[in-house]
Undergrad: 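This is the structure I want to talk about, given as structure tokens.
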Amino acid sequence: MRRMAFGCLLLLVAALSGCAGRFVDFAPDEEAIYEYPIDEVWPQVRTYFSSRGFVFREASGGAQLETEWREEFMGSRISAYWHRYLVVAKPDGAHRCKLVITRETRSMNKALKAPGAELMWGVDGRTADNPSGLGSQVSAQLAQQNVIGDNAVLGESQQSARDMVLEWKVFRNLSPLLMENAVKSSASPDVVVTEASNIECGVPILGLGKLARAGNVMLLGELHGTQQVPHFMAQSTCQVATQGIPVTVGLEIPAVNQERLENFVASQGTEHDWAKLMESPFWRSPYPDGRNSEGVVYLIEALRKLRSQGLDVKVFAFDHPALQGDVREDAMAATVQQVASQSSKRALLVLSANLHPRQVRGLPGDPDYRPMGLRLTSQLSNVYSLDIAYDSGTAWICALNQEEKLACGVTRTKGEDNGERYFVQLFGGKNRHGYHGFFYVGAVSASLPAVYRGVEPAGGSQATVPDATTSN
């Protein structure tokens, strides 16, 4: 199904449209169709990308271009990543056309890395109308051999997907110009393009915009100790915040760390700032269960970077580990409730183990147990609970071993393959476990403790665990 854009549809930065009050999903499922032929649209497309600082090359004889790599979060060894676009104009009936934009992202973080994953590009290499192989697999492989800075390769992982959000963003910018040109003389006027945000948030997360709205509380129940969940949270925060919605992220970190978190996110990220964050005993637990992993450090650093670029992003800690059972659930709920009551115009994304967000009473062996999610529903409206879904892989987990002793390490996990792209899926109501839906993060890979045997990520150096093994 297709339709032309109108109103305030799918802008990454709400201020560009002046219609921040009307909110729609971040990931459209309809193509943007231009009521103009390719030869009228393509010059405007070239101007759009060049005016935003993209360097690109074009295939001879065809309406297609490929941008050079652009680095985001420049200089960060934790959250830096690069992206580029393949843009192809295709006819869509008489005197109409559409743009197909493919985004490739490469990250310093390994969260996007999928064993055996191949880059998918829409234009074949070295054809008669594309002798340079623009957008081809060969071209992509050659580009991966390029270096940035001091011979640093382009990241540890990659992801490629069609970017319909950008397609609509380009459409909304070009449509007024095309209409203006149509009613003027054949002399082509100068193009005036509104300055857009340079903040890049990765491949749009399908379904996220249905829940991530001002005044809503999203409780995300995770599997501790993966790289993918913190990456999902960082990318979600960026995509919500660039919609013009202030975001507050809640982490299952002891509440006594609140001041440290706030100070770091508001800091310049210097070595001293890192040292003040990491001096907390939380990072040096003798049983690191995944909540104090490198991935969580990546997430906190990403929040700091987003805030430094002018986005309204906050963070809070809500765990009370000195308490147990119902008392702990009540204390966590009280902390979240207090933040939510002061944040009616913000979206809250609250991450915890997937026991806590449940909105039903009872656990095996304890039918009266009341999780944090259930307690919050009696105090707040618009509380939504999501369980994690993932493909098989590994995670850093603490569990009782055969000797009934708590042991921590890299453990294999079994999930279900639903592709590589992140998405949110709703059930249309709560299921019997008290969830409204799930969030999917693809194949998972273990995230090691941020501090292990005295090694800590002061600025960028990551902890390593010698001879990490896997177990069933």
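Throughout, residue positions are numbered sequentially from 1 according to the sequence presented. Just so it is clear, the structure is predicted and the values come from calculations on it, not from any experiment.
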Undergrad: Any heavy-atom pair between the side chains of L349 and V247 that's under 4.5 Å?
TA: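 Yes, their side chains come closer than 4.5 Å.
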Undergrad: Taking the six-membered ring of F264, is the NZ or CZ of R260 close enough (under 6.0 Å from the centre) and on axis enough (within 45°)?
TA: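 No, R260 does not lie over the aromatic ring of F264.
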Undergrad: For E35, does its backbone N or O pair with a side-chain atom of R96 as donor and acceptor, under 3.5 Å?
TA: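 Such a contact is absent between R96 side chain and E35 backbone.
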Undergrad: Given salt bridge (Lys or Arg N to Asp or Glu O under 4.0 Å), test D273 with R304 step by step and report yes or no.
TA: CA-CA 11 Å; D273 297 326; R304 187 191 68 78; over 6 Å; no
Undergrad: Would you check if the side chain of S285 reaches a backbone N or O of F282 as a donor-acceptor pair within less than 3.5 Å?
TA: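 Judged by distance alone, no pair lies under 3.5 Å.
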Undergrad: Within the distance-only criterion (no hydrogens, no angle test), does the side chain of R46 pair as donor or acceptor with the backbone N or O of W42 below 3.5 angstrom?
TA: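 No: the side chain of R46 does not pair with the backbone of W42.
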Undergrad: State, yes or no, whether a side-chain contact exists between N173 and R52 at a heavy-atom distance under 4.5 Å.
TA: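 In contact.
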Undergrad: Which atom names give the shortest non-hydrogen contact between A161 and V203, and what distance separates them?
TA: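 Nearest heavy atoms, A161 then V203: CB-CG1, 3.8 Å.
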Undergrad: Would you name the heavy atoms of H231 and Y298 that are closest together and state the gap between them?
TA: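 That would be CD2-OH, 3.1 Å.
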Undergrad: When you compare the side chain of P357 with that of L386, does any pair of heavy atoms fall below 4.5 Å?
TA: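 L386 does not reach P357 side chain to side chain.
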Undergrad: Between Q258 (side chain only) and V315 (backbone N and O only), is there a donor and an acceptor less than 3.5 Å apart?
TA: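 Side chain of Q258 to backbone of V315: a pair is present.
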Undergrad: What orientation do F316 and F318 show, parallel under 30°, tilted 30 to 60°, or perpendicular over 60°?
TA: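 Tilted.
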Undergrad: Please report the shortest heavy-atom distance between L65 and E58, naming the atom on each side.
TA: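 So the minimum-distance heavy-atom pair works out to CB-CG, 3.9 Å.
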Undergrad: Measure the shortest side-chain to side-chain distance between Y422 and Q235 over non-hydrogen atoms and say whether it is less than 4.5 angstrom.
TA: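 The answer is yes; the side chains approach within 4.5 Å.
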Undergrad: Side chain to side chain contact (heavy atoms under 4.5 Å, CB included) between V424 and K210: does it pass, once the steps are laid out?
TA: CA-CA 9 Å; V424 172; K210 293 181 175 67; over 6 Å; no
Undergrad: Looking at every heavy atom in both S343 and L348, which two are closest together, and how far apart are they?
TA: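 Looking at all heavy atoms of both residues, the closest pair is CB-CD1, 3.7 Å.
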Undergrad: Report the C-alpha separation of K169 and L166 in whole Å, then their side-chain angles, then the decisive distance to 0.1 Å, and conclude whether the side chain to side chain contact (heavy atoms under 4.5 Å, CB included) test is met.
TA: CA-CA 5 Å; K169 186 176 182 180; L166 183 56; 4.2 Å; yes
Undergrad: Under a 4.5 Å cut-off applied to non-hydrogen side-chain atoms, are E294 and W396 in contact?
TA: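 No; the side chains remain at least 4.5 Å from each other.
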Undergrad: Verify, without hydrogens or angle tests, whether T102 (side chain) and R162 (backbone) share a donor-acceptor contact under 3.5 angstrom.
TA: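 Absent.
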Undergrad: D163: which residues meet the salt bridge (charged side-chain N to carboxylate O under 4.0 Å, His left out) condition with it, sequence neighbours left out?
TA: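 Once residues adjacent in sequence are excluded, the partners of D163 under the salt bridge (charged side-chain N to carboxylate O under 4.0 Å, His left out) criterion are R103.
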Undergrad: Just to verify, which of F232, F439, Y440 counts as forming a ring pair (Phe, Tyr, Trp, His ring centres under 6.0 Å) with F423?
TA: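 In the set F232, F439, Y440, the residue that makes a ring pair (Phe, Tyr, Trp, His ring centres under 6.0 Å) with F423 is Y440.
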Undergrad: Between T394 (side chain) and V410 (backbone), is there a donor-acceptor pair under 3.5 Å?
TA: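 Checking the backbone N and O of V410 against the side chain of T394, no donor-acceptor pair under 3.5 Å is found.
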Undergrad: Side chains of R291 and D319, heavy atoms from C-beta outward: is any pair under 4.5 Å?
TA: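 Yes, their side chains come closer than 4.5 Å.
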Undergrad: Taking the side chain as every heavy atom from C-beta outward, state whether Y34 and L174 have any atom pair closer than 4.5 Å.
TA: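 They are in contact (side-chain heavy atoms under 4.5 Å apart), so the answer is yes.
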Undergrad: Would you confirm whether T226, through its side chain, and V229, through its main-chain N or O, come within 3.5 Å as a donor-acceptor pair?
TA: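 The answer is yes, because a donor-acceptor pair under 3.5 Å joins these two groups.
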Undergrad: Hey, is the main chain of R84 close enough, under 3.5 Å, to the side chain of E104 for a donor-acceptor pair?
TA: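 Between the backbone of R84 and the side chain of E104 there is no qualifying donor-acceptor contact (under 3.5 Å).
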Undergrad: For residues L277 and N257, determine if any side-chain heavy atom of one lies less than 4.5 Å from a side-chain heavy atom of the other.
TA: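 They are not in contact (no side-chain heavy atoms under 4.5 Å apart), so the answer is no.
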Undergrad: List in chain and number order the residues that pass ring pair (Phe, Tyr, Trp, His ring centres under 6.0 Å) with F427, two or more places apart in sequence or in another chain; answer none if no residue qualifies.
TA: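 Checked F427 against ring pair (Phe, Tyr, Trp, His ring centres under 6.0 Å); zero matches.
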Undergrad: Strictly distance-based, threshold 3.5 Å: is any side-chain N or O of R57 a donor or acceptor partner for the main-chain N or O of E68?
TA: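 Judged by distance alone, no pair lies under 3.5 Å.
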Undergrad: Minimum heavy-atom separation for P246 and K345, please, with both atom names.
TA: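 Scanning both residues completely, I find the closest heavy atoms to be CD-O, 3.6 Å.
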Undergrad: What is the minimum heavy-atom distance between A212 and A347, and which atoms define it?
TA: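 For A212 versus A347, the nearest heavy atoms are C-CB, 4.3 Å.
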Undergrad: Does any N or O in the side chain of Q239 come within less than 3.5 Å of the main-chain N or O of I205, such that one atom is a donor and the other an acceptor?
TA: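 Yes, because the side chain of Q239 sits within donor-acceptor range (under 3.5 Å) of the backbone of I205.
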Undergrad: Is there a side chain to side chain contact (heavy atoms under 4.5 Å, CB included) between H356 and E252 once you walk through the steps?
TA: CA-CA 10 Å; H356 307 302; E252 193 180 349; 3.3 Å; yes
